[in-house]
S.K.: 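To start, I am sharing the structure in question, which I have written as structure tokens.
Here, residue 1 is the first one in the sequence, and each next residue gets the next number. Quick caveat, the model's predicted, so the values are computed rather than measured. What's counted below: heavy atoms across the whole structure, side chains too, no hydrogens, waters or symmetry copies.
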Amino acid sequence: MLLSLRIKNFALIDQLELEFGSGLNVLTGETGAGKSIILDAIDVALGGKVTSRYIRVGAERALVEATFRVEPLLAAWLSEQEIELFDDASVVCCRDLGLVQGSLRSRSRVNGVIVNRQLMDKLRERLVEITAQGQTVQLTASARQRELLDLYGGSPVLQQRSTVATAYATCQEALQALEQRRQSEQQRLQRFDLLQYQAKELGAATLSDPDEFEQLEQERQRLSHVVDLQQLSYQLYQQLYQNDTGEAAAADLLGQAEATLTDIVSYDAQLQPVLDIVSTAVSQVVEAGRQINAYGEGLEADPQRLTEVEERIRTLKQICRKYGPTLAEAIAHYLNIQAELAELVGGGQSLEELEKNYQGCQEILVSACAQLTELRSHTATNLESLLVGELKPLAMEKVQFKVAIASTNPTANGADIVAFYFSPNPGEPLQPLAATASGGEMSRFLLALKACFSQVDATGTLIFDEIDAGVSGRVAQALAEKLHQLSRGHQVLCVTHQPLVAAMADYHFRVDKLVIEQPEGKHSESNHENSYPEVRTVVRVSVLDNPLTRREELAQLAAGESAQEAMAFAESLQTQAANRRQQ
């Protein structure tokens, strides 16, 4: 329920604070007095669209703040969004508007927490619902009528519609996969031929070791310099172990050093570690000499192997130029080719499998749509009966209403075209709602529709913007009673020009547009574009909580003046309304 509304520098409103009550709240006043500005402010506070004209001329910022009392279910939802309640039962929706270098900026807060547009929209759905005669264009659209039917059907219909949406999405994915496969078959074959050629070339190269190129280079160097290696290894052998020239080899010299150290150690044992080092060196040099000798004796010229190595190196270089630049990258490319070929040949689904999958998805979608149609048909019967029952007290005793459901191709919303058919007059055939309902009849239809939805809708506050426009007399009285009936289960806020409606209100507010003088120093005699004028227009709201002032307002609505006859009529309206409220 909307508890209060605080507005600052919004349109023609400089400063305004209102407190609303439960039941039926009405706003009255002359045309253009600013009643719609108040409804615009509520809309903006709950995340509605904004423009720079909402900021009062001469101001740089505007503020709208709406305070609501919430029910336990909504309180639990807010807790899930990590928003704490004030006093455990209230929520404050605040919207700041500002001009920054000519650009409009806005920020929404809920109980001081900055929230995004998506969360604000969800909260708005749970707090208020605004209805105006201007909604008739939307109401006559088939998609909107289908949406209303589904909302009235409640959880069973909405859950089944969600099932249909999921099945439709799955079906579309299957169709897309099938179409892509059909369209890409030629590209697939071309790609297959290219990969098959590359795989054949890489497979023939028998690639396995990413270090093979370096190993082959080393082998080529060895085979190309066999004679040099033999000579050098023999020379080294002589230097290390046995010298044919008669000169002492390294092993001989180390042996002599070892003998000398052995004599020294016999006199001074502290040089034993040095003797151990030299002895080890003798053994290592001897072993190195033997190994280098074996290496040199094992070297043999092999021209055929050298040719093979050089040919292999040329092959690997060519492979690296095409698929490398390194041998490791060429091997990785070969593995990728093999995987893609496997997918093109047998890893992916065939056309037949994709067609079969799509057909299966279609069958599931059609079945889900059929169940949704059945639920909608049952819901339509209930809505027809209830809506006619709500319309009859609104001076439409002979009204007929029908929800027609026609078949169409399956979509995310089902396979139904929903149309509301309406006949307000006896003897007239049922026709589409847009072709039959006048302005007054559409007003009553909208109100009756809201009455039907009030039984399944948990929205706390219902707002009606001149829903009674174009009606008078008995119809206006019927609308007034229906609004009062709605206000017993919801808070109702209504902008009206009808004295019959205003008389039924639990709380009455009069909206006036006044011209006031600016405070001294606020205006300027200069013609500068930013100077303030000497007078400004403001909107003021009065709470008519006194029977006499309320009677005067009813008289103004009825006759345009406070003449004695108008006052008498207003008094009778008050008495009649009091009696009807008691009933």
S.K.: Less than 4.5 Å apart, side chain to side chain, heavy atoms only: is that true for L365 and T170?
M.R.: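 A side-chain contact is absent here, since even the closest heavy-atom pair is not under 4.5 Å.
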
S.K.: Using salt bridge (charged side-chain N to carboxylate O under 4.0 Å, His left out) as the criterion, list what pairs up with E355, not counting sequence neighbours.
M.R.: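 Partners of E355 by the salt bridge (charged side-chain N to carboxylate O under 4.0 Å, His left out) criterion, ordered by chain and then number, come out as R182.
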
S.K.: List for me each residue that meets salt bridge (charged side-chain N to carboxylate O under 4.0 Å, His left out) alongside D276, sequence neighbours excluded, and say none if there are none.
M.R.: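 Counting only residues at least two positions away or on another chain, D276 forms no salt bridge (charged side-chain N to carboxylate O under 4.0 Å, His left out).
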
S.K.: Identify whether the distance between the nearest side-chain nitrogen and carboxylate oxygen of E201 and K322 falls below 4.0 Å.
M.R.: yes

S.K.: Does some side-chain heavy atom of L63 sit less than 4.5 Å from a side-chain heavy atom of I7?
M.R.: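 The answer is no; the side chains never approach within 4.5 Å.
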
S.K.: Are E179 and L175 close enough that some pair of their side-chain heavy atoms sits under 4.5 Å apart?
M.R.: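 Counting from C-beta outward, E179 and L175 do come under 4.5 Å.
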
S.K.: Could you check whether any side-chain heavy atom of Q338 comes within less than 4.5 Å of a side-chain heavy atom of L335, counting everything from C-beta outward?
M.R.: yes

S.K.: Is the count of non-hydrogen atoms from other residues, nucleotides or ligands lying under 6.0 Å from E84 atom CD greater than 12?
M.R.: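 No - once you tally the heavy atoms of other residues, nucleotides and ligands closer than 6.0 Å, there are 12 at most.
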
S.K.: List for me each residue that meets side chain to side chain donor-acceptor pair (under 3.5 Å) alongside Q159, sequence neighbours excluded, and say none if there are none.
M.R.: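 Result, side chain to side chain donor-acceptor pair (under 3.5 Å) vs Q159: S155.
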
S.K.: How many angstroms lie between atom CG of N111 and atom SG of C93, to the nearest 0.5 angstrom?
M.R.: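 Those atoms lie 7.5 Å apart.
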
S.K.: To the nearest 0.5 Å, what is the distance between CG on L158 and CG on L375?
M.R.: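 Separation between the atoms: 10.5 Å.
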
S.K.: In Å and rounded to the nearest 0.5 Å, what is the OG1 to CD distance from T280 to Q284?
M.R.: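 So the gap between those two atoms works out to 6.5 Å.
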
S.K.: Could you tell me whether the side chain of E65 and the main chain of A45 form a donor-acceptor pair under 3.5 Å?
M.R.: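 Such a contact is absent between E65 side chain and A45 backbone.
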
S.K.: Quick one: does any side-chain atom of S79 pair with a main-chain N or O of A75 as donor and acceptor, under 3.5 Å?
M.R.: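 No, because the side chain of S79 does not come within donor-acceptor range (under 3.5 Å) of the backbone of A75.
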
S.K.: Are any side-chain N or O atoms of D416 and backbone N or O atoms of V418, one a donor and one an acceptor, separated by less than 3.5 Å?
M.R.: no

S.K.: With a 4.0 Å cut-off on N to O distance, would you call D43 and K49 a salt bridge?
M.R.: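 Result for this pair is no, no salt bridge flagged.
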
S.K.: How about Q491 and S22: does a side-chain donor come under 3.5 Å of a side-chain acceptor?
M.R.: no

S.K.: Mind listing the closest non-hydrogen atom pair of V285 and A250 along with its distance?
M.R.: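 Taking every non-hydrogen atom into account, CG1-CB, 4.1 Å.
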
S.K.: Measuring only between side-chain heavy atoms, which start at C-beta, is I405 closer than 4.5 Å to L149?
M.R.: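 Contact flag for I405/L149 side chains = yes.
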
S.K.: Checking S283 now: which residues fulfil side-chain contact (heavy atoms from CB on, under 4.5 Å) with it, not counting sequence neighbours?
M.R.: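 Counting only residues at least two positions away or on another chain, S283 forms no side-chain contact (heavy atoms from CB on, under 4.5 Å).
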
S.K.: Does CD in Q172 sit with more than 12 non-hydrogen atoms of other residues, nucleotides or ligands closer than 6.0 Å?
M.R.: yes

S.K.: Within the supplied structure, the quantity of interest is the number of heavy atoms (other residues, nucleotides, ligands) at a distance under 6.0 Å from I114 CD1; does it exceed 12?
M.R.: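 More than 12 heavy atoms, drawn from other residues, nucleotides or ligands, come within 6.0 Å of this atom.
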
S.K.: Without hydrogens or angle criteria, can the side chains of Q198 and H333 be said to hold a donor-acceptor pair below 3.5 Å?
M.R.: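 Judged by distance alone, the side chains do pair up.
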
S.K.: Could you tell me whether a side-chain N or O of R6 sits under 3.5 Å from a main-chain N or O of E17, the two making a donor and an acceptor?
M.R.: no

S.K.: Going by an N to O cut-off under 4.0 Å, is there a salt bridge joining R191 and E340?
M.R.: yes

S.K.: Would you check if there is a donor-acceptor pair between the side chains of Y295 and Q291 at a distance under 3.5 Å?
M.R.: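 Absent: no donor and acceptor within the cut-off.
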
S.K.: Could you name each residue pair satisfying ring-ring contact (aromatic ring centres under 6.0 Å, His included) that touches residues 95-128, not counting sequence neighbours?
M.R.: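 Those involving residues 95-128 do not exist here.
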
S.K.: Rounded to the nearest 0.5 Å, how far does OG1 of T461 lie from CD1 of I42?
M.R.: 8.5 Å

S.K.: If we count only N and O atoms by modelled type, under 3.5 Å, do the side chains of E258 and S279 hold a donor and an acceptor together?
M.R.: yes

S.K.: Residues in side-chain contact (heavy atoms from CB on, under 4.5 Å) with Q215, at least two apart?
M.R.: D209, D211

S.K.: Check salt bridge (charged side-chain N to carboxylate O under 4.0 Å, His left out) between E60 and all other residues, then give those that pass, not counting sequence neighbours.
M.R.: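 In terms of salt bridge (charged side-chain N to carboxylate O under 4.0 Å, His left out), with neighbours along the sequence ignored, E60 is linked to no residue.
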
S.K.: Would you say that W77 contacts R126 through its side chain, given a criterion of any heavy-atom pair below 4.5 Å between the two side chains?
M.R.: yes

S.K.: Would you say E217 has more than 12 foreign heavy atoms packed within less than 6.0 Å of its CD?
M.R.: yes

S.K.: Can you find a heavy atom in the side chain of K200 that is under 4.5 Å from one in the side chain of Q196?
M.R.: no

S.K.: Taking C-beta and beyond as the side chain, do L46 and M120 meet within less than 4.5 Å on heavy atoms?
M.R.: yes

S.K.: To the nearest 0.5 Å, what is the distance between OH on Y54 and CD1 on I37?
M.R.: 9.0 Å

S.K.: Calculate, to the nearest 0.5 Å, the distance between atoms CD and CG belonging to Q256 and L254 respectively.
M.R.: 9.5 Å

S.K.: Any idea which heavy atoms bring V64 and F10 closest together, and the distance?
M.R.: CG2-CD1, 3.7 Å

S.K.: Taking the basic N atoms (NZ, or NE/NH1/NH2) and the acidic carboxylate oxygens, is any pair closer than 4.0 Å for K356 and E353?
M.R.: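 Answer for the salt bridge query: no.
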
S.K.: State whether the side chain of S266 and the backbone N or O of D263 hold a donor-acceptor pair below 3.5 Å, judged by distance alone.
M.R.: yes

S.K.: Under the rule for side chain to side chain donor-acceptor pair (under 3.5 Å), what residues qualify as partners of E214, not counting sequence neighbours?
M.R.: none

S.K.: Look at R376 together with D150 and state whether they make a salt bridge at an N to O cut-off of under 4.0 Å.
M.R.: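 Looking at D150 together with R376, the answer is yes, because their closest N to O distance falls below 4.0 Å.
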
S.K.: Does E212 have any salt bridge (charged side-chain N to carboxylate O under 4.0 Å, His left out) partners at least two apart in sequence or in another chain, and if so, which?
M.R.: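 If we apply the salt bridge (charged side-chain N to carboxylate O under 4.0 Å, His left out) test to E212, skipping adjacent residues, the hits are R312.
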
S.K.: Who are the side chain to side chain donor-acceptor pair (under 3.5 Å) partners of R61, not counting sequence neighbours?
M.R.: none

S.K.: So which heavy atom on A177 is nearest to which on L354, and how close?
M.R.: O-CD1, 3.9 Å

S.K.: Does anything in residues 93-109 form a salt bridge (Lys or Arg N to Asp or Glu O under 4.0 Å)? List the pairs, not counting sequence neighbours.
M.R.: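 Only D96-R109 qualify under salt bridge (Lys or Arg N to Asp or Glu O under 4.0 Å).
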
S.K.: Where is the tightest heavy-atom contact between F20 and L2, given as atom of each residue plus distance?
M.R.: CB-O, 3.5 Å

S.K.: Does a donor on one side chain sit under 3.5 Å from an acceptor on the other, for E374 and S377?
M.R.: no

S.K.: Can you sort out the partners of R290 under side chain to side chain donor-acceptor pair (under 3.5 Å), two or more places apart, ordered by chain and number?
M.R.: none

S.K.: Backbone N or O of L99 within a donor-acceptor pair of the S103 side chain at under 3.5 Å?
M.R.: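 Side chain of S103 to backbone of L99, a donor-acceptor pair under 3.5 Å: no, none is there.
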
S.K.: Looking only at heavy atoms, which two atoms of A412 and V164 are closest? And how far apart?
M.R.: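 Where A412 meets V164 most closely, the heavy atoms are O-CG1, 3.8 Å.
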
S.K.: Taking all atoms of both residues into account, what is the closest heavy-atom pair of Y358 and L178, and its distance?
M.R.: CD2-CD2, 4.2 Å

